[in-house]
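Basis for what follows: all heavy atoms, side chains included, without hydrogens, waters or symmetry-related copies. Predicted model, so just to flag it, every value in this text is computed and none were measured.
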Amino acid sequence: MTTDTHPLLRTVLAAALASTLAACVHVPADDAPDAPPAARYIGTDEPFAANAVYFVVTDRFVNGDASNDQRDQGGALNTFDRPLAHCDGVAGNIGYLGGDFRGIADNLDYIRGMGFGALWITPVVDNPDEAFTGGSEPGCGTILSDRGKTGYHGYWGVNFFELDEHLPSDGLDFRGLADAVHAHDMKLVLDIVGNHGSPAYSMPADQPLFGEVYERDGTLIADHQNLPPTQLDPGGNPLHAFFNDTGPVDGATGSIFDGNLAQLGDFDAANPAVLDYLSRAYLHWIDQGADAFRIDTIAWMPHTFWDGFTRRVRAEHPGFFMFGEAFDYDAAKIATHTLPGHGEVSVLDFPMKQAMDEVFGRKRLGFERLAPALHLVDGPYANPYELATFYDNHDMARMDATDEGFIDAHNWLFTARGIPVVYYGSETGFMRGRAEHAGNRNYFGQQRVDAAADHPIHHALTRIANVRRTTPALQRGVQLNVELAGDRAAFYRVLQDGDTAQVALVLLNKGDAPATFAIDTMLQTGMWRAALSGDTRQVAAGGTLSATVPAHGAEVWVLDGPVTQPAMVAALQAVTRRE
């Protein structure tokens, strides 16, 4: 037995002993009852959990078609290639750089080959055609500073039914991209925004499209008219009714979630016309091929809005998967979005992101730091196994880690509970440690894609991600921790659901030297196979599985068949969520 047994197991092992003794009572064969159906042990029923997600800022991935670059767009307020001043030797860019659907479609083999079953892309709706002249200038450490920026990221919607002109090519519109993704046996996740449109005020002179919203037929239905929110007249001017008139709220005097983000046109969630417009718009993109939504700034809109929105979507598309961005490291706060009446969506797992950064980044804390973020039993989430797990993205500094740190992070991300999400370029440590205006969203490009296979991070990620892709227990199985301490982690993922019965024993070593594990806790008899090395090991009753895991390595031992080991049965019964 390993030296650091999870506290829960001390309780369930006693129960297991009682179960074993009871099983020894003799029942005459003629009087034996019919065998009951096999117990069901699952972390989640959610089909989308089978997929790991690769996230791209579309404009920054690969320019596959230069003809849609719109390099002359905006005139004096041009939108293409707007570099910032260098930050520690690296320049960010706030203009379009040419990434498009063709660049994605041409590299779907690359993404699928790494082991990803889903692709998340930034919003595709039409954005303004000039650089923004209001707000404050971005700098090396700034956020929500938009002067000089363009809508390259897609989050400044103007017409939520219309495809932005920088993205499609002849024969490759949004439906064409979705078809290409589906042809690679992948799902397409669309980033959507409900909280706001484009920057709407503080411009020296009103700019076309900024602060405006258009209906599907091109009719102007909302216009901020370059007025500060407190000068809007929602009751007297129909074009103002789409927007809140609160303005930014200082966190020292109230909740920032009640006011505007930067100078963005803040939609009024209490206006039924807003819910109707956005619901119809995003149902349109589902009809065009979107398989799931990532919801931007979900915490800035009330639960009643998201409950109404998700009901509209699921009335037409039952079971449609959605996960939201509530940028908060408090699990109890972000978990509210997963609950009935609040939208019942999953969320990005910010508490786990914080822990992963401390464990796999420069601090190199021990695996025990991850345990509190798991919330496997009696936690605040509707289901922790459906959370989108990640260690960085486009809205924060990329993880600052060594190559080995990224490898260790991926070994955890693709074996522990949750749905893994990896930000483009992280497969090579691209722009590690860089913030938004200091290189975080820089252009990746075909050259880097072509060279990625030779990178050690890419190689290790591909191995562990494809193990998850072919191992149902890692996708939907219950997690039972055996050891999370220092540089060592050992845990089971157990799935028993209908015809699928599988146990995976995960062994992780983030240390600089090989680590030997000797596992006998809850270890079931049978022929175990190592998913990475290909080794096999016959384990007898009461035996031990001993294995050495290389430095910064992983192994996943898999046993196919129903769970019979008494201690594991007792542990599963103690932690399995009740329907």
Quick one: do F360 and Y391 satisfy ring pair (Phe, Tyr, Trp, His ring centres under 6.0 Å)? Show the steps, please. CA-CA 9 Å; F360 304 113; Y391 53 77; 8.4 Å; no
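Within the 3.5 Å criterion, the main-chain N or O of A49 finds no donor-acceptor partner in the side chain of E46. A side-chain donor-acceptor contact under 3.5 Å links D392 to the backbone of M399. Side-chain N or O atoms of R493 include one that pairs as donor or acceptor with a backbone N or O of L474 at under 3.5 Å. Side-chain atoms of N481 do not come within 3.5 Å of backbone N or O of E483 as any donor-acceptor pair. Between the side chain of N51 and the main chain of F48, a donor-acceptor pair closer than 3.5 Å is present. Remark: side-chain polar atoms of N466 are paired, donor with acceptor, to backbone N or O of T462 under 3.5 angstrom. Not a single donor-acceptor pair under 3.5 Å links the side chain of E325 to the backbone N or O of I298. The closest donor-acceptor contact from the side chain of T500 to the backbone of Q496 lies at 3.5 Å or more, if one exists at all.
Aromatic ring orientation, F309 versus Y282: perpendicular (interplanar angle above 60°, classes split at 30° and 60°). Using bins of under 30°, 30° to 60° and over 60° for the plane-to-plane angle, the ring pair H375/Y381 lands in the perpendicular bin. Using cut-offs of 30° and 60° on the angle between ring planes, the pair H342 and H303 is parallel. Using cut-offs of 30° and 60° on the angle between ring planes, the pair F406 and H410 is tilted.
Screening V124, I286, T122 for a side chain to side chain contact (heavy atoms under 4.5 Å, CB included) with L190, the sole residue that qualifies is V124. Of the listed residues (F293, F320, F174), just one forms a ring-ring contact (aromatic ring centres under 6.0 Å, His included) with W285, and that residue is F174. Here the rule is ring-ring contact (aromatic ring centres under 6.0 Å, His included) with W120, and of Y423, F323, Y54 only F323 fits it.
Judged purely by distance below 3.5 Å, without hydrogens or angles, the side chains of E555 and N509 never pair a donor atom with an acceptor atom. When only modelled atom types and interatomic distance are considered, H459 and D454 share no side-chain donor-acceptor pair under 3.5 Å. Side-chain contact annotation: Y155 with D191, donor-acceptor N/O pair under 3.5 Å present. Side chains of S346 and E386: no donor on one and acceptor on the other come within 3.5 Å.
For an aromatic pair to be called close, the ring centres must be under 6.0 Å apart, and F55 with Y424 fails this.
Between D408 and R364 there is no salt bridge, since none of the side-chain N atoms of the basic residue sits less than 4.0 Å from a carboxylate O of the acidic one. Salt-bridge check for D497 with R40: passed, with a basic side-chain N closer than 4.0 Å to an acidic carboxylate O. Using a 4.0 Å cut-off between charged nitrogen and carboxylate oxygen, K363 and D400 do not count as a salt-bridge pair. Ion pair D307/R311 flagged as a salt bridge, since at least one NZ, NE, NH1 or NH2 atom sits closer than 4.0 Å to an Asp/Glu carboxylate oxygen. Under the 4.0 Å criterion applied to side-chain N and carboxylate O atoms, R529 and D535 are not assigned as salt-bridge partners. Between D403 and R432 there is a salt bridge, with a side-chain nitrogen of the basic residue lying less than 4.0 Å from a carboxylate oxygen of the acidic one. Salt bridge absent: D185 and R469 never bring a charged side-chain N and a carboxylate O closer than 4.0 Å.
Geometrically, R488 engages F517 in a cation-pi contact, judged by NZ or CZ lying under 6.0 Å from the ring centre and within 45° of the ring axis.
The line from CD1 of I104 to CG of D100 is 8.0 Å long, rounded to the nearest 0.5 Å. In this structure, CD1 on I295 lies 9.5 Å from NE2 on H337, to the nearest 0.5 angstrom. The CG atom of L545 lies 12.5 Å from the CD atom of Q524; values are rounded to the nearest 0.5 Å.
You'll find the side chain of V478 reaches within 4.5 Å of the side chain of Y385, heavy atoms only. Side-chain contact between F116 and V422 is present, with at least one heavy-atom pair separated by less than 4.5 Å. Contact check for D179 versus R175: side-chain heavy atoms found under the 4.5 Å cut-off. Between V189 and I121 there is no side-chain heavy-atom pair separated by less than 4.5 Å. Considering only heavy atoms from C-beta on, W412 comes within 4.5 Å of M356 through its side chain. Side-chain contact between F101 and D173: absent, with no pair of heavy atoms (C-beta onward) separated by less than 4.5 Å. At a threshold of 4.5 Å between non-hydrogen side-chain atoms, the residues V181 and L108 count as touching. Considering only heavy atoms from C-beta on, D291 stays 4.5 Å or farther from M186 through its side chain.
Other residues, nucleotides and ligands place more than 12 heavy atoms under 6.0 Å from the NZ atom of K353.
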